[in-house]
Asker: 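Attaching a single structure in structure tokens format; questions to follow.
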Amino acid sequence: MSDRTDGENMSEMEEAVALLAAEQKELEELLRRQPPEAWLTLTPAAGWDVRDQVSHLADTEEIAYDTTTGGPRQLNREALSFTSPEAFTESGCDKGRKMQTAEVLEWWVSGAARTRDALEGKDPKERVPWGLGMAARTLVTARMMETWAHGLDIRAALGEKPNLTPRLRDIAWLIFRALPYGFNYAKREMPAGTLRLELDFDGERWVLGPEDADNVITGDAEEFCRLGVQRLKLADTTTLKVNGRLAEEALQVARAFL
């Protein structure tokens with residue numbers, strides 16, 4: 001599978017998977033530079049060290065692959081086999097805690113490659129039974145979001161700067177598209193109206209949503225993405241501004257994952 005990112009002669013899925021591969025490769029390179037003891041450094045996620053973070057990524061790649069290909073560990077079936085979502089999530093960490101750090105890394109790297117290969121061959125609009133269901137193209141971005149979010153935790157633990165690239169635009173798009181889910185998760189009715197995002201990144205302005213929207217969220221793309229992946233509390237944001245009730249409540253419920 002190619003990791004090209006220039007878009008030349010690439011299909012929509014090839015381009016999306018190349019972005020995912022680039023995000024995962026940068027995290028992999030960071031992890032390969034770490035001594036074994038660094039993997040036991042606690043991260044901002046309570047009770048999780050670096051090894052736990054990578055174990056979670058590895059386990060969810062197995063589930064993503066099986067969900068994409070019809071294998072035995074499909075997400076909706078697997079999640080129901082545990083007593084709670086927390087127990088489901090913790091089970092992946094438990095597997096990694098029985099492994100050496102090098103084994104955990106290869107578990108994730110090989111699993112991520114399998115998932116990318118499986119997704120690259122899909123029609124971008126094909127529905128995949130991930131949660132309530134999503135297009136295969138969206139699942140690619142969901143895997144990138146997951147990698148970036150847990151990468152934030154890992155980088156913070158290791159004293160590294162967050163990974164900020166134009167790929168954040170796809171993550172912001174995913175958070176934007178997931179707002180109905182965020183309202184449903186919070187058990188809140190979504191206010192009427194239309195919404196537009198105007199996010200700033202490295203001198204650029206990213207606009208998502210209709211030009212004539214009657215609600216607008218503006219601010220820094222990194223802040224919006226951190227908020228949407230639950231790595232920043234709304235009270236701690238400094239750049240995000242809203243115009244309209246829908247925009248205001250959207251920031252309160254923004255959530256990019258199940």
Asker: To the nearest 0.5 Å, how far apart are CG in Leu232 and SG in Cys225?
Answerer: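 With rounding to 0.5 Å, CG (Leu232) is 11.0 Å from SG (Cys225).
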Asker: Taking only residues at least two apart or on different chains, which pairs with a member in residues 59-83 satisfy ring pair (Phe, Tyr, Trp, His ring centres under 6.0 Å)?
Answerer: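 Residue pairs passing ring pair (Phe, Tyr, Trp, His ring centres under 6.0 Å), neighbours aside: Phe82-Phe88.
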Asker: Taking the side chain as every heavy atom from C-beta outward, state whether Arg116 and Gln24 have any pair of such atoms under 4.5 Å apart.
Answerer: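 Result yes, sub-4.5 Å side-chain heavy-atom pair found.
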Asker: Apply the test side-chain contact (heavy atoms from CB on, under 4.5 Å) to residues Thr101 and Leu31: give CA-CA distance (whole Å), side-chain angles for both, the deciding distance (0.1 Å), then the verdict.
Answerer: CA-CA 10 Å; Thr101 57; Leu31 291 166; over 6 Å; no
Asker: Which value, rounded to the nearest 0.5 Å, describes the distance between Leu57 atom CG and Ile154 atom CD1?
Answerer: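 Those atoms lie 6.0 Å apart.
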Asker: Whether the side chain of Asp214 engages the backbone of Thr194 through a donor-acceptor N/O pair (distance < 3.5 Å, no angle test) should be reported.
Answerer: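 It does hold such a pair.
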Asker: In a check of side-chain contact (heavy atoms from CB on, under 4.5 Å) between Thr43 and each of Arg155, Arg51, Gln53, His150, which one passes?
Answerer: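 Between Thr43 and the candidates, side-chain contact (heavy atoms from CB on, under 4.5 Å) is satisfied uniquely by Gln53.
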Asker: Kindly determine whether Trp173 and Thr138 satisfy side-chain contact (heavy atoms from CB on, under 4.5 Å), including the steps that lead there.
Answerer: CA-CA 10 Å; Trp173 170 86; Thr138 305; 3.7 Å; yes
Asker: Hey, could you give me the CE/CG distance between Met13 and Leu119, rounded to the nearest 0.5 Å?
Answerer: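 The distance works out to 5.5 Å.
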Asker: Would Val216 end up clustered with Val253 when hydrophobic side chains under 4.5 Å apart are linked, directly or stepwise?
Answerer: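 Unlinked, Val216 and Val253 end up in two clusters.
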Asker: Do Asp200 and Thr239 come within less than 4.5 Å of each other through their side chains, counting heavy atoms only?
Answerer: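 SC-SC contact between Asp200 and Thr239 ruled out.
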Asker: Determine, step by step, whether Asp49 and Arg97 satisfy the salt bridge (charged side-chain N to carboxylate O under 4.0 Å, His left out) criterion, reporting the C-alpha distance in whole Å, the side-chain angles of both residues, the deciding distance to 0.1 Å, and the verdict.
Answerer: CA-CA 10 Å; Asp49 58 23; Arg97 290 166 186 154; 5.9 Å; no
Asker: Is there a donor-acceptor contact under 3.5 Å from the side chain of Trp148 to the main chain of Asn163?
Answerer: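 Yes.
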Asker: Is a donor from one side chain sitting under 3.5 angstrom from an acceptor on the other, for Glu28 and Trp108?
Answerer: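 Looking only at side-chain atoms, Trp108 and Glu28 do not form any donor-acceptor pair under 3.5 Å.
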Asker: Below 4.5 Å, heavy atoms only, C-beta onward: do Glu204 and Pro166 meet side chain to side chain?
Answerer: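 Side-chain contact under 4.5 Å: no.
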Asker: Treat each ILVMFWY residue as a node, draw an edge where side-chain heavy atoms are under 4.5 Å apart, and state whether Leu19 and Met134 are in one component.
Answerer: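 Per the 4.5 Å side-chain linkage, Leu19 and Met134 are co-clustered.
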Asker: Is there a side-chain contact (heavy atoms from CB on, under 4.5 Å) between Glu26 and Arg167 once you walk through the steps?
Answerer: CA-CA 12 Å; Glu26 289 171 13; Arg167 294 189 290 271; 2.9 Å; yes
Asker: Side-chain heavy atoms under 4.5 angstrom apart, residues restricted to Ile, Leu, Val, Met, Phe, Trp, Tyr: same cluster for Leu164 and Leu199?
Answerer: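 Yes, it is one cluster - the side chains of Leu164 and Leu199 are joined through contacts under 4.5 Å.
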Asker: Between CD of Glu86 and OG of Ser91, what distance do you get to the nearest 0.5 Å?
Answerer: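 Result: 12.0 Å between the selected atoms.
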Asker: Taking the side chain from Thr115 and the backbone from Ala64, do they hold a donor-acceptor pair closer than 3.5 Å?
Answerer: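 Checking the backbone N and O of Ala64 against the side chain of Thr115, no donor-acceptor pair under 3.5 Å is found.
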Asker: The test is side-chain contact (heavy atoms from CB on, under 4.5 Å); show your working for Val54 and Trp107 and say whether it passes.
Answerer: CA-CA 9 Å; Val54 182; Trp107 178 28; over 6 Å; no
Asker: If you group Ile, Leu, Val, Met, Phe, Trp and Tyr by side-chain heavy-atom gaps below 4.5 Å, do Val109 and Val17 land in one group?
Answerer: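 No, Val109 does not connect to Val17 through the hydrophobic network.
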Asker: When you check the gap from the basic side-chain N to the acidic O, do Arg196 and Glu211 get nearer than 4.0 Å?
Answerer: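 Not counted as a salt bridge, because no side-chain N and carboxylate O are separated by less than 4.0 Å.
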Asker: Might you point out which heavy atoms bring Leu42 and Gly47 nearest each other, and give the distance in Å?
Answerer: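 Heavy atoms only, the tightest pair is CD2-C, 4.5 Å.
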Asker: For Thr141 and Arg137, test the side chains for any donor-to-acceptor distance below 3.5 angstrom and give the result as yes or no.
Answerer: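 There is such a pair (donor and acceptor under 3.5 Å, judged by atom type) between the side chains of Thr141 and Arg137.
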Asker: Looking only at side-chain N and O atoms, does Thr60 offer a donor or acceptor that is under 3.5 Å from a partner on Arg143?
Answerer: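 Thr60 and Arg143 do have a side-chain donor-acceptor pair below 3.5 Å.
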Asker: Test your reading of the model: is there a side-chain donor-acceptor pair from Asn76 to the backbone of Pro129, 3.5 Å cut-off?
Answerer: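 Checked: pair present.
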Asker: Do you know the tightest heavy-atom contact between Ser55 and Gly92?
Answerer: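 The pair with the smallest heavy-atom distance is CB-O, 3.6 Å.
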Asker: Heavy-atom count around Glu29 CD within 6.0 Å, excluding the residue itself: above 12?
Answerer: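 Above 12, so yes.
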Asker: More than 12 heavy atoms of other residues, nucleotides or ligands under 6.0 Å from CD of Gln252: is that the case?
Answerer: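 Enclosed: over 12 neighbouring heavy atoms sit under 6.0 Å from CD of Gln252.
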Asker: Answer yes or no: does atom CZ of Arg169 have more than 12 heavy-atom neighbours from other residues, nucleotides or ligands under 6.0 Å?
Answerer: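 Enclosed.
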Asker: Less than 4.0 Å between a side-chain N and a carboxylate O, is that true for Arg231 and Glu222?
Answerer: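 Here Glu222 does not pair with Arg231 in a salt bridge, since their nearest N and O are not under 4.0 Å apart.
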Asker: Rounded to the nearest 0.5 Å, how far apart are CD of Glu189 and CD of Glu249?
Answerer: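 CD of Glu249 is found 9.5 Å from CD of Glu189.
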Asker: How long is the span from the CZ atom in Arg73 to the CD1 atom in Ile63, to the nearest 0.5 Å?
Answerer: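 It comes to 4.0 Å.
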Asker: Tell me whether Val207 shares a hydrophobic cluster with Leu240, the cluster being built from Ile, Leu, Val, Met, Phe, Trp, Tyr side chains joined at under 4.5 Å.
Answerer: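 Val207 and Leu240: separate clusters.
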Asker: Any side-chain to backbone donor/acceptor pair from Arg127 onto Gly133? Under 3.5 Å, distance only.
Answerer: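 Yes, because the side chain of Arg127 sits within donor-acceptor range (under 3.5 Å) of the backbone of Gly133.
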Asker: Where the side chain of Asn215 meets the backbone of Arg245, is there a donor-acceptor pair that is under 3.5 Å apart?
Answerer: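 Indeed, once roles are kept as given, a pair shorter than 3.5 Å links the two residues.
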Asker: Between Thr67 (side chain only) and Leu75 (backbone N and O only), is there a donor and an acceptor less than 3.5 Å apart?
Answerer: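 Present.
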Asker: Can you check whether Thr238's main-chain N or O pairs, donor with acceptor, with Glu223's side chain at less than 3.5 Å?
Answerer: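 Yes; judged by distance alone, with no hydrogens or angles, the pair exists.
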Asker: With a 4.5 Å limit on heavy-atom distance, are the side chains of Phe176 and Ile217 in contact?
Answerer: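 No. Closest side-chain heavy atoms not under 4.5 Å.
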Asker: Between Gln34 and Leu30 (side chain of the first, backbone of the second, donor and acceptor by atom type, cut-off under 3.5 Å), is there such a pair?
Answerer: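 Pair found, side chain donor or acceptor close to backbone of Leu30.
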Asker: Is there a salt bridge (charged side-chain N to carboxylate O under 4.0 Å, His left out) between Arg205 and Glu198 once you walk through the steps?
Answerer: CA-CA 6 Å; Arg205 171 65 59 88; Glu198 296 179 0; 3.3 Å; yes
Asker: Give a yes or no answer on whether the side chain of Lys122 reaches the backbone of Thr68 with a donor-acceptor pair at less than 3.5 Å.
Answerer: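 Side chain of Lys122 to backbone of Thr68: a pair is present.
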Asker: Under a 4.5 Å cut-off applied to non-hydrogen side-chain atoms, are Phe224 and Ile175 in contact?
Answerer: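 Yes, their side chains come closer than 4.5 Å.
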